[in-house]
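The first residue in the sequence is number 1, and the count goes up from there. Ligands are counted one by one from 1 in listed order, and the atoms in each one are counted from 1 as well.
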Amino acid sequence: MYFEKTNGFPKDFLWGAASAAYQVEGAWDEDGKGVSVWDTFVRIPGKTFKATTGDKAVDHYHRYKEDVRLMAEMGLKTYRFSIAWTRIIPDGNGEINEKGLAFYSNLIDECLKYGIVPMVTVYHWDLPQALQDQYGGWENRRIVDDFVRYAKTLFENFGDRVKYWIIINEQNVFTGHGWLMASHPPGKAGDYKTFYQVNHHAFMAHAKSVLALKELWPDAKVGSSFAYGPSYAVTNKPEDAMAKYDYDDLQNFYWMDIYAYGRYPRAAVAYQLSRGIAPVMEEGDEEILKEAASKVDFMGVNYYQTTSVEYNPVDGVDGMGKMNTTGKKGTTEISGVAGMYRNPKNTNLPTTDWDWTIDPMGLRYACREITSRYDLPIVISENGLGAFDKVEDGQIHDPYRIAYLKEHVKELRKACDDGCRVLAYCTWSWSDVLSWLNGYQKRYGFVYIDREEDENSGTLNRIPKDSYYWYKTVIASNGAEGLDD
Ligand code: BG6
């Protein structure tokens with residue numbers, strides 16, 4: 001759509017930034033915390049960049065007061081963070097750990113002290129290792145009850161103060177990496193049958209948690225966050241258009257349709273049945289998924305890039321290509337599903353050093369698609385640029401990050417003008433964090449953390465980057481300033 005002038009952002013727009021427990025907290029074995037599957041996985045040789053771990057991460061566990069103070073000084077409206085299941089219930093389904101509850105209660109209070117709205121993610125991938133050992137974690141339906149008990153513990157303890165809840169972060173990513181690519185726990189490759197089964201369990205955990213939350217706190221706002229990469233057909237050949245449809249049904253709508261409608265896309269189910277990889281569902285599941293979908297308040301979107309799609313012949317590439325985890329441009333390999341689609345590089349757009357396509361308009365496109373298909377409000381729960389940063393005379397000049405975010409925010413404003421109901425924009429990430437597979441050299445934050453891959457490196461001191469001051473201006477003016485070229 002074209003509008004002569006913008007209406008700007010809504011009045012109580014939540015300008016935010018995000019983090020995740022494993023990527024920032026550190027203190028991996030303190031105050032009764034249990035071991036998570038990530039604590040185990042990072043210790044397997046070759047799994048992470050230069051064997052980096054989140055043992056210490058950026059020490060948010062001990063420095064959260066300093067971090068929240070910096071957020072307040074910036075004027076941040078919302079802080080999205082996740083809770084580590086292993087701090088609350090160290091073995092996943094046994095005793096509650098009061099010290100874990102106390103940590104998050106204090107963090108929430110610290111945010112509220114400055115008027116920062118806490119936006120809490122229940123699950124950002126750090127499953128208790130004990131559940132993996134007891135019954136295979138997400139592969140077993142028993143996970144659903146254990147997850148809901150954990151989620152309810154959070155709702156009961158924090159629901160009086162937390163009004164925004166994201167149940168699961170990027171279910172598509174952790175299951176894809178975990179069961180198709182072997183790059184996240186439990187490290188399995190090409191196991192589509194289990195992949196879909198695991199996803200069904202996660203959908204049920206999401207749905208039952210939504211219902212539990214609404215029963216306790218009807219006024220809470222809830223959704224899950226999907227890693228949404230809208231797709232573009234490479235050409236106007238009908239087979240490329242159909243490949244795009246296949247891609248969307250299997251890679252995008254498969255998750256968003258459940259969150260919004262409580263049902264799987266029919267073409268995806270037909271495909272699964274033809275291959276014998278459809279998930280086993282229990283009687284009543286469909287009703288629960290639908291009921292939860294009717295109570296979801298927003299679609300959470302983690303937006304980083306769009307994907308190009310073209311037809312892939314039956315003898316074409318099949319599987320996920322190698323990822324770039326080093327920051328050496330051009331080392332990503334093409335992925336595809338034989339007989340359906342493949343995802344070549346978009347030659348019209350630039351990329352980051354990690355080969356992620358930079359496409360600000362894709363963010364507007366994502367909002368438009370969600371608005372047209374689901375008519376739900378939207379929380380942008382992540383968006384940001386992973387880059388190498390350099391300290392010069394104690395300062396970090398990151399014009400590339402400002403340029404990236406500025407263009408995305410401008411497109412988001414257009415999405416608002418288009419009628420999309422966008423409630424929040426959280427950048428990834430608040431400070432530099434551990435990038436799961438890419439170590440500490442891939443930096444995303446507004447706040448620089450003095451540390452490298454080596455656990456003993458750096459002071460862990462916090463230094464606001466230029467982008468910190470830029471975002472401060474944007475927030476203070478509710479997006480009226482800081483966006484001009
Ligand atoms: C999302 C995750 O996938 O993207 C974050 O929710 C993650 O946890 C972020 O860090 C950026 O990805 P990466 O691989 O560059 O760290």
Go through ligand 1 atom by atom and flag the ones less than 4.0 Å from a non-hydrogen atom of His124.
2 (C), 5 (C), 6 (O), 8 (O)

If the cut-off is 4.0 Å to any non-hydrogen atom of Asn169, which atoms of ligand 1 fall inside it?
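Near Asn169, the atoms of ligand 1 are 6 (O).
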
Below a 4.0 angstrom heavy-atom separation, can you tell me which part of [X], side chain or backbone, both or neither, approaches ligand 1?
| X | result |
| --- | --- |
| Phe174 | neither |
| Asn302 | side chain |
| Leu437 | neither |
| Ser435 | both |
| Trp354 | neither |

How far is [atom] from the closest protein heavy atom, and which atom is that?
| atom | result |
| --- | --- |
| atom 3 (O) of ligand 1 | Glu170 OE1, 2.5 Å |
| atom 6 (O) of ligand 1 | Glu382 OE2, 2.8 Å |
| atom 10 (O) of ligand 1 | Gln23 NE2, 2.8 Å |
| atom 11 (C) of ligand 1 | Tyr444 OH, 3.3 Å |

Thinking salt bridges, do Arg443 and Asp398 make one under a 4.0 Å N-O criterion?
no

Which residue, Trp125, Phe195, Phe41, Trp138, forms the ring-ring contact (aromatic ring centres under 6.0 Å, His included) with His184?
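Among Trp125, Phe195, Phe41, Trp138, the one that satisfies the ring-ring contact (aromatic ring centres under 6.0 Å, His included) with His184 is Trp125.
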
If we count only N and O atoms by modelled type, under 3.5 Å, do the side chains of [X] and [Y] hold a donor and an acceptor together?
| X | Y | value |
| --- | --- | --- |
| Tyr365 | Asp359 | no |
| Gln251 | Asn172 | no |
| Glu139 | Trp179 | yes |
| Asn302 | Ser381 | yes |
| Thr332 | Asp355 | yes |

Should Tyr304 be listed as contacting ligand 1, given a heavy-atom distance under 4.0 Å as the test?
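Heavy atoms of Tyr304 do come under 4.0 Å of ligand 1.
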
When you measure from the heavy atoms of Asn438 to every atom of ligand 1, does any distance fall below 4.0 Å?
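A heavy atom of Asn438 does come that close to ligand 1.
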
So is there a nitrogen or oxygen of Trp356 less than 3.5 Å from a nitrogen or oxygen in ligand 1?
no

Distance-only N or O hit between ligand 1 and Trp125, under 3.5 Å
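Between Trp125 and ligand 1, no N or O pair is found under 3.5 Å apart.
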
Taking every non-hydrogen atom, the tightest pair across Glu30 and Arg87
O-NH1, 3.8 Å

Heavy-atom closest contact (Tyr22 atom, Thr53 atom, distance):
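Shortest heavy-atom contact: OH-C, 3.9 Å.
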
Name the one of Tyr304, Tyr425, Tyr444 that satisfies side chain to side chain donor-acceptor pair (under 3.5 Å) with Asn383?
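Among the candidates, only Tyr425 passes.
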
